[in-house]
Protein chains: 4
Amino acid sequence: MNFNLNPRSHVPIWEQIVHQMKEMVMKEIFSPQDKIPSVRELSSQLVINPNTVSKAYQELERQGVIETIRGKGTFVAERSVEVQFSEQQAEKLRDELKRTIIEASYIGIESDMILQWTKELLDEFGGEPNAKR
Amino acid sequence: MNFNLNPRSHVPIWEQIVHQMKEMVMKEIFSPQDKIPSVRELSSQLVINPNTVSKAYQELERQGVIETIRGKGTFVAERSVEVQFSEQQAEKLRDELKRTIIEASYIGIESDMILQWTKELLDEFGGEPNAKR
Amino acid sequence: MNFNLNPRSHVPIWEQIVHQMKEMVMKEIFSPQDKIPSVRELSSQLVINPNTVSKAYQELERQGVIETIRGKGTFVAERSVEVQFSEQQAEKLRDELKRTIIEASYIGIESDMILQWTKELLDEFGGEPNAKR
Amino acid sequence: MNFNLNPRSHVPIWEQIVHQMKEMVMKEIFSPQDKIPSVRELSSQLVINPNTVSKAYQELERQGVIETIRGKGTFVAERSVEVQFSEQQAEKLRDELKRTIIEASYIGIESDMILQWTKELLDEFGGEPNAKR
DNA sequence: GTGGTCTAGACCACA
DNA sequence: GTGGTCTAGACCACA
């Protein structure tokens, strides 16, 4: 697993792991049932503290991205289509989008460029890969 | 100045101020040369710690959004069109966009919805208001 | 013996076995003197680690649910009515009940619903089946 | 705040804190907006590690029981009536109830006693205290 | 070997 | 002063 962690970032390492893991699942680099490295393996590979990896894994499990089977290891979870997002979650993401668009427009990035980025990213990540149908 | 600050949010208050200030400039609620309240005035108006306002103003000044003129006060800065963004800045914003799109797709928000949001927000904030041409 | 084991659950597998075994006895699916599979048989049938079954059997024996007779095998134990529970045991179970009721009320499950569940479950499991009278 | 922590219990200390905190909110010992002790205060009062208290507070915040205001402290959250529980959550709690009832019946606790306990506990904790109406 | 809990202690951003 | 992150390391239950 290739993680690209930046310890200088203001985003905590455990959050970087959570996000990149979700990215890999969206990109179908991982499929449901795939075994992912143990906390100890990954922490020694990334040269970070096991507790940091553990925190990331716990958050991923809470979000239903991975599943832990006692004594056997950790696996990418089956994703159910029924996943229903709340109004609140949607609101929060729209706000994030707004924030990014204001920042981008402010420094002079053209609307067309932003729209193009969005389309490219949606082509890459839009849809629901790995969802049980 | 109407700020909508949420102390319960995990976004630092100084960052909320910075962002809303930029939003107001983008919406042309403020024009260059407009005087804005002093740190003391604003902090007592918003009932927050002066250090917080001070930090926000420092960041806004660093980004060239406002200017302080000794003995006269603080003003919205003139924006020049020639403002050129760096590759690095663009990269960072594209990454933010990517992050939001992954999260949104992950919880099942349709690509069409995300695209619609983007268009709406670009209509509202796209362009370069207040820029000296 | 039909066990419904869920390795993804955070309840240890040996505990799931213990509990389902007791449930089967309460439902009179088993009667005293019935022979139950050996550790080896059950572990290979359920495709789990023999140590896990062994731990479950030890706990069941400790609780007087099953009995091992050297050279003959393992059997459902005779239950005597005189089984007297201690204040401590009762206290512990009342606490568990309290915990569940607090959690349920907290997320907004109606008192009536909780009461109905209790009545249904008592109809299904209340009483002392298989007890020697 | 009176916590009754048992380090010998198999229930982690942070979980005991979470549960007892919810109990106190249900009993209206705390009301929304009430300030609760800081992580440092509580950890020194309970003579446990700050990280353990921190973990409990983070879980309580995730569940919407408390709110953190940066630099100001932690407060009991306003509870909204709209709290909607999922089928899955209800299922899990019914299972817990089932488990407790089987255990209780098994050791010979009368159905009437269990029903009485339930009614007493519902009188004490049923309903939605502190909910914004 | 696997993950979970807990302690001890450092460092940092925020207000 | 407040909480959040991270490291280091011990101990434990489970399989």
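Just so it is clear: chains get the letters A, B, ... in the order the sequence lines come, proteins before strands, and each one is counted from 1. What's counted below: heavy atoms across the whole structure, side chains too, no hydrogens, waters or symmetry copies.
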Discussion item. Classify D:E41 by what it touches in the nucleic acid, base, sugar-phosphate, or nothing, heavy-atom distance under 4.0 Å.
Written reply: sugar-phosphate
Worksheet item: Of D:E15 and B:I48, whose closest DNA chain E nucleotide lies nearer the 5' terminus?
Response: D:E15
Worksheet item: Just wondering, more than 12 heavy atoms not from D:N2 lying within 6.0 Å of its CG?
Response: no
Worksheet item: Can you find a side chain N or O atom of A:T74 that sits less than 4.0 Å from OP1 or OP2 on E:dG3?
Response: yes
Discussion item. For a quick check, tell me whether the side chain of A:N51 and the base of E:dG3 share a donor-acceptor pair closer than 3.5 Å.
Written reply: no
Worksheet item: Under the criterion side chain to side chain contact (heavy atoms under 4.5 Å, CB included), which of C:S38, C:S54, C:P37, C:P50 is the partner of C:S43?
Response: C:P50
Worksheet entry | Euclidean distance, atom CZ of residue D:F75 to atom P of F:dG1 [Å, nearest integer] | 17 Å
Worksheet item: Base, sugar-phosphate alone, or nothing: which one does D:I13 contact when heavy atoms must sit under 4.0 Å apart?
Response: sugar-phosphate
Worksheet item: Do D:R40 side-chain and F:dG1 base share a donor-acceptor contact under 3.5 Å?
Response: no
Fill in: Rounded distance (Å) that lies between atom C1' of F:dA15 and atom CG of C:L46
14 Å
Practice prompt. Figure out the CZ/C1' separation between A:R8 and E:dC11, and round it to whole Å.
Written response: 16 Å
Fill in: A:R62 atom CZ: more than 12 heavy-atom contacts under 6.0 Å
yes
Discussion item. Both A:V11 and D:H10 contact DNA chain F. Which one's nearest nucleotide lies toward the 5' end?
Written reply: A:V11
Worksheet item: Is a side-chain donor or acceptor of C:Q20 paired with a backbone partner of C:N4 at a separation under 3.5 angstrom?
Response: yes
Item to complete: Could you let me know what F:dC14 is paired to, Watson-Crick or G-U wobble, both distances under 3.5 Å, or none if it's on its own?
Response: E:dG1
Worksheet entry | Phosphate-side-chain proximity, B:K55 and E:dC14, N/O vs OP1/OP2 below 4.0 Å | yes
Fill in: Nearest-Å distance for atom pair CG/P, residues D:L5 and E:dT5
15 Å
Item to complete: Select one nucleotide: of E:dC6, E:dC14, F:dC14, the one nearest the side-chain heavy atoms of D:R70.
Response: E:dC14
Worksheet item: For the pair made of CH2 in D:W14 and C1' in E:dG4, what is the distance, rounded to whole Å?
Response: 10 Å
Worksheet entry | Smallest separation among heavy atoms of B:I102 and A:E23, with atom names | CD1-CG, 3.5 Å
Worksheet entry | d(CD1, D:I36; C1', F:dG1) in whole Å | 16 Å
Worksheet item: Any side-chain heavy-atom pair from C:I13 and C:L46 closer than 4.5 angstrom?
Response: no
Discussion item. Tell me the interatomic distance from C:Q16, atom CD, to F:dA15, atom P, rounded to whole angstroms.
Written reply: 8 Å
Worksheet item: Of all the choices, E:dT2, F:dA15, F:dT5, which nucleotide is nearest to the side chain of A:S38 once you look at every atom?
Response: E:dT2
Worksheet item: Between the base of F:dA8 and the side chain of A:N49, is there any donor-acceptor pair under 3.5 Å?
Response: yes
Item to complete: Please state how far atom NZ in A:K35 lies from atom P in E:dG3, giving the value in whole angstrom units.
Response: 7 Å
Discussion item. Taking only side-chain N and O atoms of A:Q58, does any of them lie within less than 4.0 angstrom of OP1 or OP2 on E:dG4?
Written reply: yes
Worksheet item: Does a side-chain N or O from D:T52 land closer than 4.0 Å to OP1 or OP2 of E:dT5, or not?
Response: no
